[in-house]
Amino acid sequence: MPFTFIGTGAIADKPFGAVLHFNGKVYCGTENGGSSKGYIFNPADNTFTTFTLPGSDYYPRVLLLDGRILFCPFIANRSWLLVNEDGTYQTLNDWTFNVSGASLMRDGKIAICNTTAYRFGFFNPKTNYFEYFPNIPSVLSGITPISTTLLPDGKLLLTNYSNTQTVSIYNPFNNVWEQISLNGFDGDINSKGTLLYDGGLAVFGNASGLNLIDIYSKKIIGQEDMVGTSVLFTRISPDGDVFLANSLYINKYNITNSILTNVGYTTMPTLQQNPKGMVMLPSGKMFYCTNGAALDNNGFTIWDSSLGTLPKEVCLSAFYNRG
């Protein structure tokens with residue numbers, strides 16, 4: 001059998017988002033319609049514990065340098081949370097915008113892109129103060145920010161969705177913006193950014209596959225299609241392979257000598273499709289949480305991409321009864 005299952009059922013909840021902590025555990029929230037719980041999943045023994053959140057729709061966004069995790073709601077006018085390792089939390093001010101992406105900066109601040117105020121900005125967890133990026137070019141006014149990715153040199157790769165579908169690099173040291181060539185860029189609201197291991201290249205998902213960017217020339221130098229539609233997550237394994245997940249499939253890409261190649265895909269098990277949060281574990285295995293209308297479509301999955309060749313890989317699933 002291509003898939004092996006562990007556990008005896010599903011959780012009666014809607015797990016949402018995933019952040020890998022220094023302690024090796026994964027922290028999740030719950031989507032709208034779920035409980036007011038957070039989840040701490042331990043991939044060492046496939047068990048989890050829960051903690052209390054103020055409500056559902058809290059998404060873990062980024063791990064801070066001091067070990068706290070920033071949880072942001074998808075609903076505007078609700079407080080953000082700084083969650084400790086044990087699940088206790090500090091409530092922050094009520095913010096008037098939703099968060100669609102976040103990146104930890106070198107100075108400990110968090111770069112935020114939001115879909116309500118249509119702006120990028122920095123949140124300082126030491127002062128709990130939020131400030132907008134300066135010198136934002138007019139071409140970015142009125143756009144919908146999608147994702148922000150920290151580059152090796154401390155700059156930010158910023159992906160936007162609009163009629164012009166722009167991708168920019170922001171330099172926080174001199175507040176200068178540079179736009180990436182739009183040649184061949186096929187973006188949509190599901191475009192996702194991530195960073196490639198060698199420091200000179202970055203990849204992000206687009207409406208139909210994966211883009212490869214040279215961050216020094218600021219040009220798209222490669223594109224590859226995917227099986228399936230839209231993009232939920234892009235992740236990089238320890239050996240440098242890139243995985244792009246949509247609602248039904250995980251596509252695998254290899255990058256050699258700046259050449260991007262789609263080497264295959266695997267189909268997610270029926271009850272574990274439409275992932276709601278995903279992280280690559282240090283072991284190279286991929287953790288994701290998933291939920292849907294059916295009760296037995298809620299749970300946590302560990303997918304081992306190292307077992308066999310695509311599309312015959314093994315999915316180790318960890319589902320649990322209510323408890």
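- Between the side chains of Asn23 and Glu85, at least one donor N or O lies within less than 3.5 Å of an accepting N or O.
- Under the 6.0 Å cut-off for aromatic ring centres, Phe41 and Phe287 qualify, their centroids lying closer than that.
- Side chains of Tyr59 and Pro73 form no contact here, defined as non-hydrogen atoms less than 4.5 Å apart.
- Contact check for Phe300 versus Cys28: side-chain heavy atoms found under the 4.5 Å cut-off.
- Between Tyr265 and Tyr249, the two ring planes are perpendicular [angle over 60°; tilted spans 30° to 60°].
- In this structure, the ring of Phe123 has its center no less than 6.0 angstrom from the ring center of Phe130.
- Between Lys219 and Asp214 there is no salt bridge, since no side-chain nitrogen of the basic residue lies less than 4.0 Å from a carboxylate oxygen of the acidic one.
- Cluster membership for Phe51 and Ile69, using ILVMFWY side-chain heavy atoms within less than 4.5 angstrom, is shared.
- Considering only heavy atoms from C-beta on, Ser208 stays 4.5 Å or farther from Thr229 through its side chain.
- Under the 4.5 Å side-chain heavy-atom criterion for Ile, Leu, Val, Met, Phe, Trp and Tyr, Trp80 and Phe71 are members of distinct hydrophobic clusters.
- Considering only heavy atoms from C-beta on, Phe16 stays 4.5 Å or farther from Ser56 through its side chain.
- Across all their heavy atoms, Asn128 and Pro125 have their closest contact at OD1-O, 3.4 Å.
- Listed here is the closest heavy atom pair of Phe22 and Leu65: CE1-O, 3.8 Å.
- A donor-acceptor pair shorter than 3.5 Å can be found between the side chains of Asp241 and Asn254.
- Side chains of Asp13 and Ser35: a donor-acceptor N/O pair is present below 3.5 angstrom, by distance only.
- Taking both residues in full, the closest heavy atoms of Pro60 and Ala18 are given as CG-N, 3.8 Å, listed atom of the first, atom of the second, then distance.
- Note: the hydrophobic cluster containing Ile40 does not contain Leu20 (ILVMFWY, side chain heavy atoms under 4.5 Å, direct or indirect links).
- The shortest distance between side-chain heavy atoms of Tyr58 and Leu81 falls below 4.5 Å.
- The two residues Gln273 and Met268 have their closest heavy-atom pair at NE2-O, 3.1 Å.
- Applying side chain to side chain contact (heavy atoms under 4.5 Å, CB included) to Leu201 and the options Leu260, Ile213, Ile215, Ile221 leaves one that passes, Ile221.
- Residues Asn84 and Tyr89 fail the side-chain proximity criterion, which asks for heavy atoms closer than 4.5 Å.
- Following chains of ILVMFWY side-chain contacts shorter than 4.5 Å, one can reach Ile236 starting from Met226, so the two form part of one hydrophobic cluster.
- When side chains are defined from C-beta on, Val83 does not count as touching Thr88, because their heavy atoms never get closer than 4.5 Å.
- Ring geometry, Phe243 versus Trp303: the interplanar angle exceeds 60°, so the pair is classed perpendicular (tilted spans 30 to 60°).
- At a threshold of 4.5 Å between non-hydrogen side-chain atoms, the residues Val242 and Leu244 do not count as touching.
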